[in-house]
Amino acid sequence: MSVAVPYTDIHEIIPNVRGKIEFDAPLSKLTWFRTGGNADVLFTPEDENDLSEFLKSIPSAIPVMPLGVGSNMLIRDGGIEGIVIRFGKNFSSVILEGSFIKAFAGAPDISVARKALDAGLTGFEFLRGVPGTIGGAIKMNAGAYGSEIRDIFYSARAVDRDGNIHQINKDNIEFSYRHTNVPNDYIFMEATFEGKFGDPDLIRKRMKEIGDQREESQPLRTRTGGSTFKNPSGHSAWKLIEGAGCRGLKIGGARVSKKHCNFLINEGDATAKDIEDLGDEVRRRVMNNSGVKLDWEIKRIGRRR
Ligand SMILES: Cc1cc2nc3c(=O)[nH]c(=O)nc-3n(C[C@H](O)[C@H](O)[C@H](O)COP(=O)(O)OP(=O)(O)OC[C@H]3O[C@@H](n4cnc5c(N)ncnc54)[C@H](O)[C@@H]3O)c2cc1C
C-alpha cells in the first residue's frame with residue numbers, strides 16, 4: 001500500500017551526503033529480473049556514518065528500502081516510493097579474522113565462500129550457490145543444500161530507520177525459513193560469521209559439486225528471481241507446479257522455466273506485471289489442482305503502474 005509522504009518535492013528533503021544520490025533512478029538494471037520501475041531516490045552511502053546521518057535527517061514518513069543485487073526481488077513497474085539504499089564497493093570487503101569472516105553488506109555471497117575456501121574454513125560452501133549479497137542473505141536467512149545463514153552467523157551491525165546503530169549477536173536473533181526476526185526497518189551493514197577449520201580439498205570439492213548441481217538444475221544465465229514460492233510444509237513447490245501443468249506456462253514476456261518450474265523467467269521484454277500475473281496464475285492453478293496454497297518467496301515491492 002502506498003504511504004502518504006508529506007513533501008511535494010523529494011529534492012528538498014535530501015541532505016548533503018558524502019555518498020552518491022540519484023533521483024528517479026532506474027532499478028531494472030540493478031535486479032536479476034531486469035524489469036521494474038525507478039526509485040524516487042537511490043542512495044549509495046560512503047560509509048556507515050554517512051548512512052546513519054542520512055537516515056537521521058530524513059523525515060520518518062519517507063519509506064526506505066535496502067537493495068542487494070535484487071536476486072530475490074520483483075520491483076513493480078511503477079517503481080519504488082521514497083529511498084532505496086544500495087551498498088557499493090565501499091561495503092564489499094570480506095576480511096578473515098582467525099576462524100571468523102567479517103563481510104560488509106554489499107559483499108557477494110560467493111566472495112565469502114571463496115575467502116573461506118582460501119582459509120580452509122568449512123561451513124560456508126553453500127554460499128557458493130546463492131547469488132546475492134551478505135545483507136540480503138541475512139535478511140532472507142539464505143540457505144541451500146542443508147545449510148543456511150543461521151549455521152554460521154556470529155554477529156552483525158545494523159542501522160534502523162532513525163539512524164541508530166545496533167549490534168546483533170547470535171543469541172539475540174532468531175532465524176527461520178527464509179526469514180529473520182529483526183525489526184523490519186533494520187538495514188544490515190556488516191556481519192561476522194564463524195567457521196571451522198577443515199580440509200581445503202574437501203571444501204573445494206563440495207563447492208564444485210554445488211556449482212555443478214546449480215548449473216544442471218537451474219536456469220542460471222537467465223533473468224530470474226530464483227525460487228519463486230516457498231516450499232509449503234511437506235511439499236516441494238516445483239512438484240506442485242509441475243503437477244498443475246504449469247511448466248513452460250507464459251504470460252506476456254514471462255515464462256515458467258522449463259528447466260526448473262519454481263523459477264519464473266523474463267524472456268526479454270517482460271514487465272513486472274507479466275511476471276507477477278504469471279506467478280498468481282501458477283498459485284491459482286496449484287490451488288485448483290492440489291488444494292495447496294503457495295506463498296511467494298520472492299519479494300514483490302513497489303507501485304503498480
Ligand atoms: C539463480 C538464483 C538462485 C538462487 N538460489 C538460492 C538458494 O539456493 N538459496 C536461497 O536462500 N536463495 C536463493 N536465491 C535467492 C536470493 O539469491 C537470496 O534470497 C539472496 O539472499 C538475496 O540477496 P540479495 O542481495 O540479492 O537481496 P535482494 O534480492 O536485493 O533483497 C532481498 C530482501 O533483502 C532485503 N535486503 C537486502 N539487503 C539488505 C540489507 N543490507 N539489510 C537488510 N535487508 C536487506 C531487501 O530489502 C529485500 O527485502 C536465488 C536467486 C537466484 C536468482
Side-chain angles (χ1 to χ4, degrees), residues 27 30-34 36 39 42-45 48 51 55 63-75 80 82-88 91-92 103-113 125-151 156-161 166 168 173 175-180 182-191 210-211 213-231 237-238 257 259-260 262-266 275 296-302:
L27 296 175
L30 303 180
T31 68
W32 266 64
F33 269 127
R34 292 286 188 274
L42 179 64
F43 175 39
T44 309
E48 188 177 295
L51 176 56
L55 291 169
V64 172
M65 185 199 87
L67 174 67
V69 287
S71 63
N72 200 58
M73 200 183 270
L74 178 64
I75 291 177
I80 307 261
I83 292 151
V84 172
I85 309 282
R86 186 156 187 266
F87 292 102
F91 282 88
S92 63
F104 286 81
D109 299 338
I110 194 167
S111 305
V112 176
E125 294 87 336
F126 74 101
L127 286 175
R128 156 71 183 81
V130 185
T133 63
I134 284 302
I138 303 172
K139 175 76 179 181
M140 298 302 300
N141 185 24
Y145 302 102
S147 301
E148 55 187 5
I149 285 291
R150 178 204 326 243
D151 304 326
R157 276 166 78 76
V159 60
D160 67 22
R161 177 60 189 78
H166 301 267
I168 300 158
I173 184 169
F175 293 99
S176 52
Y177 180 51
R178 303 294 170 265
H179 182 75
T180 66
V182 296
N184 263 337
D185 64 325
Y186 276 29
I187 300 175
F188 296 107
M189 298 185 293
E190 61 166 69
I210 288 173
Q213 282 176 29
R214 295 262 137 177
E215 200 65 53
E216 206 174 296
S217 62
Q218 296 183 355
L220 294 182
R221 261 162 286 286
T222 58
R223 301 166 177 205
T224 181
S227 292
T228 311
F229 302 107
K230 297 180 183 179
N231 288 324
W238 76 263
S257 166
K259 194 167 186 183
H260 189 317
N262 195 22
F263 281 52
L264 303 183
I265 288 171
N266 171 4
I275 296 169
W296 285 87
E297 178 172 325
I298 289 176
K299 307 262 185 198
R300 291 152 304 132
I301 294 171

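Source: prediction; values computed, not measured. Atoms within each ligand, like the ligands themselves, are counted from 1 in listed order.
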Pairs of nitrogen or oxygen atoms closer than 3.5 Å, one from [X] and one from ligand 1: do any exist?
| X | answer |
| --- | --- |
| Glu297 | no |
| Ala105 | no |
| Asn141 | no |

Looking only at protein heavy atoms, identify the closest one to [atom] and say how far it is in Å.
| atom | value |
| --- | --- |
| atom 33 (C) of ligand 1 | Met140 SD, 3.9 Å |
| atom 46 (C) of ligand 1 | Pro66 O, 3.2 Å |
| atom 13 (C) of ligand 1 | Val130 CG1, 4.1 Å |
| atom 41 (N) of ligand 1 | Phe188 O, 3.0 Å |
| atom 29 (O) of ligand 1 | Asn72 N, 2.8 Å |
| atom 16 (C) of ligand 1 | Ser71 OG, 3.2 Å |

Side chain, backbone, both or neither: which part of [X] comes within less than 4.0 Å of ligand 1 when only heavy atoms are counted?
| X | value |
| --- | --- |
| Met189 | neither |
| Gln218 | side chain |
| Tyr186 | backbone |

Enumerated ligand 1 atoms positioned under 4.0 Å from heavy atoms of [X]:
| X | value |
| --- | --- |
| Trp32 | 1 (C), 53 (C) |
| Thr133 | 23 (O), 24 (P), 25 (O) |
| Gly226 | 2 (C), 50 (C), 51 (C), 52 (C), 53 (C) |
| Val69 | 24 (P), 25 (O), 26 (O), 30 (O) |
| Arg178 | 11 (O) |
| Ala144 | 8 (O) |
| Gly132 | 17 (O), 23 (O), 24 (P), 25 (O), 26 (O) |

(message) Please identify which of these residues, Leu51, Val159, Leu67, meets the side-chain contact (heavy atoms from CB on, under 4.5 Å) condition with Ile85.
(response) Leu51
(request) Starting at NZ of Lys299, measure out to CZ of Arg178 and round the result to the nearest 0.5 Å. (result) 11.5 Å
Taking [atom] as the point of reference, which of [options] owns the nearest heavy atom?
| atom | options | result |
| --- | --- | --- |
| atom 48 (C) of ligand 1 | Lys139, Met65, Met73 | Met73 |
| atom 1 (C) of ligand 1 | Asp109, Leu220, Ile298 | Leu220 |
| atom 7 (C) of ligand 1 | Ser147, Ala156, Gly143, Pro131 | Gly143 |

(message) So, using side-chain contact (heavy atoms from CB on, under 4.5 Å) as the criterion, who are the partners of Arg223 when residues are at least two apart?
(response) Arg34, Asn266
(request) Please work out which of the three classes, parallel, tilted or perpendicular, describes the rings of His166 and Tyr186, given edges at 30° and 60°. (result) parallel
